[in-house]
Structures are given as structure tokens and as C-alpha cells.
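Whatever order the structure lists ligands and atoms in, that order sets their numbers, starting from 1.
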Amino acid sequence: MSDLTDEIQRRRTFAIISHPDAGKTTLTEKLLLFGGAIHIAGAVKSNKIKKTATSDWMEIEKQRGISVATSVMGFNYGDYKINILDTPGHQDFAEDTYRTLTAVDSVIIVVDVAKGVEQQTRKLMEVCRMRSTPVIIFVNKLDREGRDPFDILDELEAELKISVRPLSWPINIGQHFKGVYNIYEHSLDLFTPDKQKVSERVEIDNVDDPRIDQAVGEADAAKLREDLELIEGVYPDFDRESYLQGKVAPVFFGSALNTFGVKELLDCFVEIAPSPRPVDAIERRINPDEPNFSGFVFKIHANMDPNHRSCIAFVKICSGKFERNAVYRNVRTGKTLKFSAPTAFMAQRKSIVDEAWPGDIVGIPDTGNFKIGDTVTAGEEIHFRGLPSFSPEMFKYIENTDPMKSKQLEKGVQQLMDEGVAQLFTNQFNGRKIIGTVGQLQFEVIQYRLLHEYGAQVRWEPISLYKACWIESDDAEALAQFRRRKHQFMATDREGRDVFLADSNYVLQMAQSDFPKIRFHFTSEF
Ligand code: G4P
């Protein structure tokens, strides 16, 4: 096997997603502990922006700093090279998370056993489903009182709209939690609450082994056998192929805080999770083992220092070997570029690398050459499909309050949109600019950054909108008629596509039923 194939096969690039507080940061930290990337618990800072910080700018800036450092965490685990892509904890930055999900090959979802599936998880799962991303579910906090595990499985299936298959099973929960039976490996791990140490493993032959009774007591052993029988009866055997196709999600139970069930998760993960997969460009499918380098920019992180307006562009490598100082091409602009200081992210450090492989993320210092979604290649004219934009949930008119600075404002807005901070629409009727975001905090960040990085002052004006949807039709006349009828509510996105701004759910539904020939899309990728 060539170096390239070897390197591809040992890579696992994934993201951990959850509703805030389910335990994503804690689980990430424990995975890093196993990988030897950190040595003590508590070393990973949460990049959560606490609720109280909504108007505390220093705090936000600080958080942004932390999130650069922990954006990508790479480490070796056995023969595997693992890349964890971090996603912002705050839901106002969900758009960032959506985009990060385009750069991973699989996902681990963390669910709190007491709270079950929460709103943010449901939304992120939709993104995974759109792309058939394989997901593994970790049900966390078994050391606390929570729901019955069978109820949790039912809820996962119903709420996340995916079949599930438990690969481990808890023995009691909360105060009486005794451990988990590992269905995947047929082993038993006993729970000892300890934030640093790994659990105790009991050697057993199979589920009927009397050593289980000795370890957890006869009553709990009997209950375990009953549960396992039920599981085998209800859920089909685990099929890796269905998992890889995103059709079934294996489920693990544990407690991240107590480092319990985490190693089992990791060991199974490296075995079953996919290595970098082929990626579709508009022109053709790109296989990771093609010799020529290709990749795309999925995230741009602005520098914290307003005096140096440089950014880091995060490039996910899709094929070939990436080499420092090689000549690469930004397909959108046609410019060729040499990257003399690409960084890789090992453990929690950034360091300059000479080479990187498919599945890896390299950070490229940039002064405005890149836009989110750009394709970079060794020369070939291919375009990876645009990263999806989702209909924003909040909208405001952006108004210039300092006419002397309109150039700066224009530039600032353009660059922030290139970074993917929010979405810009231009109303076709009155030419006013509308910014769409996922949360209130983004408006505050934009206003702050425009002032501090570009010297432009803006104010927001309210606009009452329910959703923005991209519209298209095969029938030009129907489209023209729709645009005439809705001319006050038609806007253009940055790519020049038609967007309908519906001011209520009712209006949207009416529009859908009045114009059956028009297709309404809630993401820009269709
Ligand atoms: P997040 O990144 O998904 O938002 O969650 P995070 O890991 O920060 O965990 C949220 C809270 O849940 C933390 O408590 C964390 O200690 C706790 N937690 C995580 N895993 C477990 C678990 O297995 N069992 C129990 N009982 N708790 C768990 P906190 O009080 O908010 O923060 P901290 O002061 O402990 O850092």
C-alpha cells in the first residue's frame, strides 16, 4: 500500500455535537486523555459562551480565542490518527456548526440521559441526515437519575428519525448505576466513580457467565439478561454498512465525567467509523486516494487583533497529499498561491506542518484571498459543492449611521459574510440590505466587529420575517408571476439567487398552495 492509502485509512475525522450542557466538552476532554494529547482533566476549556455574556464583548473575544485553539484537535490513538472538529457551544453560532459538519466523515452525538433529545440536537441531526453522515450516539450522565434506557432508545429513534442499535447496555442508573455490559465486545465494565481513572473490567465469557452475578448481584444480573434478550429480539444485529450509510446509529451508554464507557466508545469508534470518504464536486466525484491535492475552505477565523486583519482559513483535505510551499490554486479566483506557513492541529497546539493528508485540516494564514466554500486544488478546475446555507431565523435591516464610512461598511459586511458570520440579502423592491442570523448574539458580534475592525457604525432596524426560502421553478412564467405578486418580499442572496422572504408561516403556506409550480427550499443546497 502506498503512503497515501495508509494515511487515509488510519484517519478518523469527526465532530461531537450536542445540545449545550449534555457533556460535549467533557467527552472531548476524555477522548484527548485517552489519546495522550492532554494529561489532566480540566485542560480543555469549554468554548461555551455563557448566557450572561451576551453583551460582554471581552468575554466573546476571549471565547473566540479559545475556539481557535480548540477548533481542531488531532491526536494519535493506536494506529489511528484522530481529528476532532470542535463546534461552537452557543446555539447562536449554529451556522458555524452546520458548516463544520460538511468537513467531517462522521459524528458522535451526546445526549443527556435525563433530558433526552433536545432541540439543538434535533436540528444538527437534520444536517447529518441531509448528507447521510454516519452517527454514533453516546447517552451520557448515567451516574445521575434519568430515563429508562429503553424509553431513551425509542425517543432517539422518534426524534432523530434514525434507527438505533444499542452496542452497550447500562446496569441500573443514577445512584444504583453499576456499570455497562458491552454488547459489541461481550464484556462487562464495572462503574467506579472516578474522574481520572478508567473503569474496572470483569473478564466474562458470555452473558450467562456467573461472574456477572458475582459482580453486580443476582437480581441485577437477571435484569441485564432479560434486557439483553429483549434487545436481541427487537433490534436487528449491528450492521456496519447500514451505519456507514447513515441508516442506523449505534448507541453507547456511559458517564463522560467519570470517564466511564468512553474508552469502549472510542475503541468501537476507530474500528467502525469511516476514514475519509469520496467528496462530490460539481464536475465529478473526488476520491481521497487520488494523487493530486484538493480541499475546501469550511471555516474562516478572523484574527483577534484588529490591527492585523488576517484570518485563518481552515481547509479540509479531500484528496492527495498536501505539501507546504507547493503551488496550489484557488479555483474561484484562479489565483495560484503558495502556503509557506500552514498549520496543523496536534493535541491542542498549532504548529507548522510540511505535509498533511486527506481527512486532515490545515489552517492557512490568509489576508482576504479566501471565502467560505472555496475549492483549492493542485490545478484542476473542480468546484466542491457549496456549503449549504440554512434559512436564518432572525432578520434585521442593517443601516449605516456614518455616511462618511460607507466604503468601510461595505468592505466590512462583505468580509464578514465571506467568513460566514451571517447571511446578507438585498431586497429587490427597495434595495435595502437585510442580515439574517441564527441568533441575537450574531447581530451584536457583527456590530462590534464592524466598528472595531472596519471603523463602521451601524444600527439595526427591525423587520418582521418568518423565513427566507430559495425559490426555483421549471416554469419561467410561474416564476415571473410569483415575483410580480410578491415583489415587496423578493430578495437576492449573495450569489444572486432569488429568495422569498415570508413574513409568517401562514403566508408561506398560502404561497406554497397558490403556486404549486414553485419549489421552496429552506437550504441553499438543492
Ligand atoms: P457541553 O460541552 O455539552 O455544553 O457540556 P459540558 O461538557 O460542559 O458539561 C456540562 C455539565 O455536565 C458540566 O457541569 C459537566 O461537568 C457535567 N457532566 C458532563 N458529563 C457528566 C456525567 O457523566 N455525569 C454528570 N453527573 N455530570 C456530567 P457544570 O457544573 O456545568 O460544569 P463544571 O463546573 O463541572 O465544569
Side-chain angles (χ1 to χ4, degrees), residues 14-34 38 40-54 59 62-64 66-67 69-73 84-94 96-97 100-101 107-125 135-147 149 152 160 168 170-180 189-199 251-266 348 439 441:
F14 73 106
I16 304 179
I17 56 178
S18 72
H19 192 86
D21 273 345
K24 178 169 73 81
T25 311
T26 314
L27 180 64
T28 307
E29 177 176 283
K30 298 307 162 90
L31 294 176
L32 293 178
L33 272 174
F34 282 118
I38 54 169
I40 48 158
V44 177
K45 299 275 185 308
S46 163
N47 72 1
K48 254 187 293 184
I49 294 172
K50 302 274 184 221
K51 285 191 190 76
T52 51
T54 42
E59 189 58 25
K62 230 165 56 200
Q63 298 283 2
R64 285 178 47 220
I66 292 169
S67 69
T70 60
S71 281
V72 183
M73 287 160 281
I84 305 181
L85 272 55
D86 196 19
T87 54
H90 198 291
Q91 59 182 18
D92 283 12
F93 295 97
D96 252 13
T97 305
T100 299
L101 292 182
V107 154
I108 292 180
I109 296 179
V110 185
V111 172
D112 182 326
V113 70
K115 294 189 178 144
V117 175
E118 296 169 271
Q119 180 223 355
Q120 183 83 346
T121 318
R122 217 174 288 129
K123 254 172 121 177
L124 294 171
M125 182 64 206
V135 303
I136 293 181
I137 300 170
F138 183 72
V139 181
N140 190 27
K141 308 198 186 180
L142 267 285
D143 60 316
R144 289 234 197 114
E145 300 306 323
R147 309 227 188 120
I152 286 281
L160 300 180
S168 80
I171 300 165
N172 292 332
I173 181 169
Q175 275 195 336
H176 305 289
F177 181 49
K178 288 190 178 161
V180 294
D189 290 295
L190 294 184
F191 177 65
T192 38
D194 187 322
K195 296 182 178 70
Q196 299 280 343
K197 231 179 51 204
V198 188
S199 48
V251 181
F252 286 84
F253 292 85
S255 165
L257 187 65
N258 292 291
T259 324
F260 190 80
V262 177
K263 187 161 188 302
E264 292 70 20
L265 171 75
L266 182 58
Q348 290 185 284
L441 195 51

At under 4.0 Å between heavy atoms, is it the side chain or the backbone of [X] that contacts ligand 1, or both, or neither?
X    : answer
S255 : both
R144 : side chain
T26  : both
L27  : neither

* To do: Could you pull out, from L257, D86, N258, V262, the option with a heavy atom nearest to atom 27 (N) of ligand 1?
  =>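 Considering heavy atoms of L257, D86, N258, V262, the nearest to atom 27 (N) of ligand 1 sits in L257.
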* Kindly identify the option in I17, D112, D21 whose heavy atom sits closest to atom 1 (P) of ligand 1. =>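 Considering heavy atoms of I17, D112, D21, the nearest to atom 1 (P) of ligand 1 sits in D21.
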So, the side chain of [X] versus the backbone of [Y]: is there a donor-acceptor pair under 3.5 Å, distance only?
X    : Y    : answer
N140 : V110 : no
S255 : F260 : no
K141 : D112 : no
K115 : H19  : no
E145 : Q175 : yes

[X] heavy atoms, cut-off 4.0 Å: which ligand 1 atoms fall inside?
X    : value
A256 : 23 (O)
P20  : 4 (O)
K24  : 1 (P), 2 (O), 3 (O), 5 (O), 7 (O)
S18  : 3 (O)

* To do: Determine, stepwise, if the pair V139 / V251 fulfils side-chain contact (heavy atoms from CB on, under 4.5 Å).
  => CA-CA 7 Å; V139 181; V251 181; 3.7 Å; yes
* Report the relative orientation of the aromatic rings in F191 and F177; use parallel for angles under 30°, tilted for 30 to 60°, perpendicular for over 60°. =>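 Tilted.
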